[in-house]
Amino acid sequence: MLPTPSTSHVSFDNVYEPAEDSYLVLDTLSSASETAFLSQRFPVHAPAPLALEIGTGSGVVLAFISAHARKLFGHTNVITLGTDVNGFACRAARETVQVACKEHKAEAGIFTDVVAGDLASPLRARKVDVLVFNPPYVPTEELPALPDDLVVPGREFERDSYLLSLSYAGGEDGMETTKRLLDSLGDILSERGVAYVLLCARNRPDEVAAGLRDAGWDVEVCGRSGKVGGWEKLVVLRIWRD
Amino acid sequence: MKLLTLNFLTCARKACKPLPTSFPLHPADATLATTETAFSPAFLRNILPRLDWPALKGLCDELGLPGVGDEAPGPEALFEDGELPESDEDIVGEIEAGKRPTKLAHDLHQLLVETVMLEGKLVCASCGHEYAVKEGIANFLLPSHLV
């Protein structure tokens with residue numbers, strides 16, 4: 001077990017607190033099958049892979065990838081970057097990653113930044129080699145509109161509950177944001193790119209995987225947790241092309 | 001925000017993405033700072049082949065930073081024969097026995113990894129949109145009519 005990065009400095013009033021879904025992503029990425037996959041796909045002398053986490057929240061996942069690069073990839077020549085639509089999350093995640101990387105200096109990759117933005121919109125096309133997304137997956141009647149600035153107006157309580165809603169509210173089937181990401185995957189990932197995307201049972205992961213295969217992707221369930229009535233509550237899909 | 005990051009970022013507007021002028025973004029009113037970061041020459045060797053060198057050179061020129069050459073250096077320019085100096089310098093990552101990082105490697109580390117833009121704007125040459133950088137965080141969120 002690799003140590004989980006500390007998020008003790010983060011205010012969870014307006015930033016998503018790491019929970020079962022976050023820990024499933026950590027366990028999946030550090031599992032024997034995924035470290036083998038990543039080490040083989042991104043060998044030590046290949047051009048440095050760019051790992052992007054979309055929706056960092058507290059930064060626990062991005063910090064884990066950054067600080068434990070050697071365990072995940074077999075080397076530390078990895079560049080990491082995050083995006084989030086919540087300005088508080090961007091600042092919190094940056095600190096989480098910096099602290100974790102300092103603590104594991106000999107094991108860490110090169111963390112660059114957390115930038116405020118929607119999905120991978122600030123990135124150049126087809127540059128991302130490892131994409132990680134723990135999306136807002138809870139089915140909700142409405143999908144909250146995205147903020148258009150780092151400063152969100154309104155009274156503190158309303159502002160904070162709005163910002164938190166961005167981290168979980170997924171609209172129809174909990175899939176509206178995830179669908180947007182999956183539809184643009186071909187423009188985000190490099191030729192050697194791989195995406196790890198978490199889904200909950202209500203997102204209908206089987207249908208999502210079938211749709212991706214129809215679009216020409218290889219898909220494998222590489223992480224699962226919390227069986228509910230015979231169904232996995234949460235799964236992580238690995239999506240790539242060979 | 002690190003200068004290295006800027007080599008991967010472009011205008012967030014959909015209409016701009018396919019246009020060559022949307023990359024690189026151009027800094028304006030920039031306040032720069034230096035953050036001390038562990039030095040990994042092995043990482044530099046692996047990042048060189050995927051850097052857009054003209055974009056990096058342009059960025060240095062626009063920021064008034066001491067220039068990098070016109071051509072991207074090859075990986076061999078980062079190492080020379082010799083023992084690693086016994087200094088308290090933080091070198092991380094794998095390094096071949098009997099080799100040590102050159103001055104160029106140190107300079108590139110300082111430029112790409114340690115130089116950060118704390119405040120300022122990043123301007124798209126295609127649509128003119130200005131993305132603000134505040135306390136080192138770049139804001140690529142867009143009003144819905146610009147998405």
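Note on naming: letters A, B, ... go to the chains in the order of the sequence lines (proteins, then strands), and numbering restarts at 1 for each one. Values below: all heavy atoms of this structure, side chains included; hydrogens, waters and symmetry mates excluded.
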Check whether [X] gets within reach of chain A through its side chain, its backbone, both or neither, counting any heavy atom under 4.5 Å.
X	answer
B/R45	side chain
B/K2	both
B/L9	both
B/E94	side chain

Above 12 or not: heavy atoms from other molecules or residues under 6.0 Å from NZ of A/K179? no

Answer yes or no for A/R124 and B/F23: cation-pi contact, defined as NZ/CZ to six-membered ring centre under 6.0 Å and angle to ring axis within 45°. yes

Between [X] and [Y] (side chain of the first, backbone of the second, donor and acceptor by atom type, cut-off under 3.5 Å), is there such a pair?
X	Y	value
B/K14	A/S121	no
A/D148	B/P143	no
B/K134	A/L150	no
B/N46	A/P47	no

Identify which part of [X] has an atom lying under 4.5 Å from any heavy atom of chain B, answering side chain, backbone, both or neither.
X	result
A/A108	neither
A/D149	both
A/V114	backbone
A/A145	neither
A/V44	both
A/I110	side chain
A/R91	both

Which heavy atom in A/V85 sits nearest to a heavy atom in B/L141, and how many Å separate them? O-CD1, 3.6 Å

Nearest heavy-atom neighbours spanning A/K127 and B/R50: O-NH2, 2.9 Å

Taking A/V128, A/T76, A/L50 one by one, which has the highest count of heavy-atom pairs under 4.5 Å against chain B? A/L50

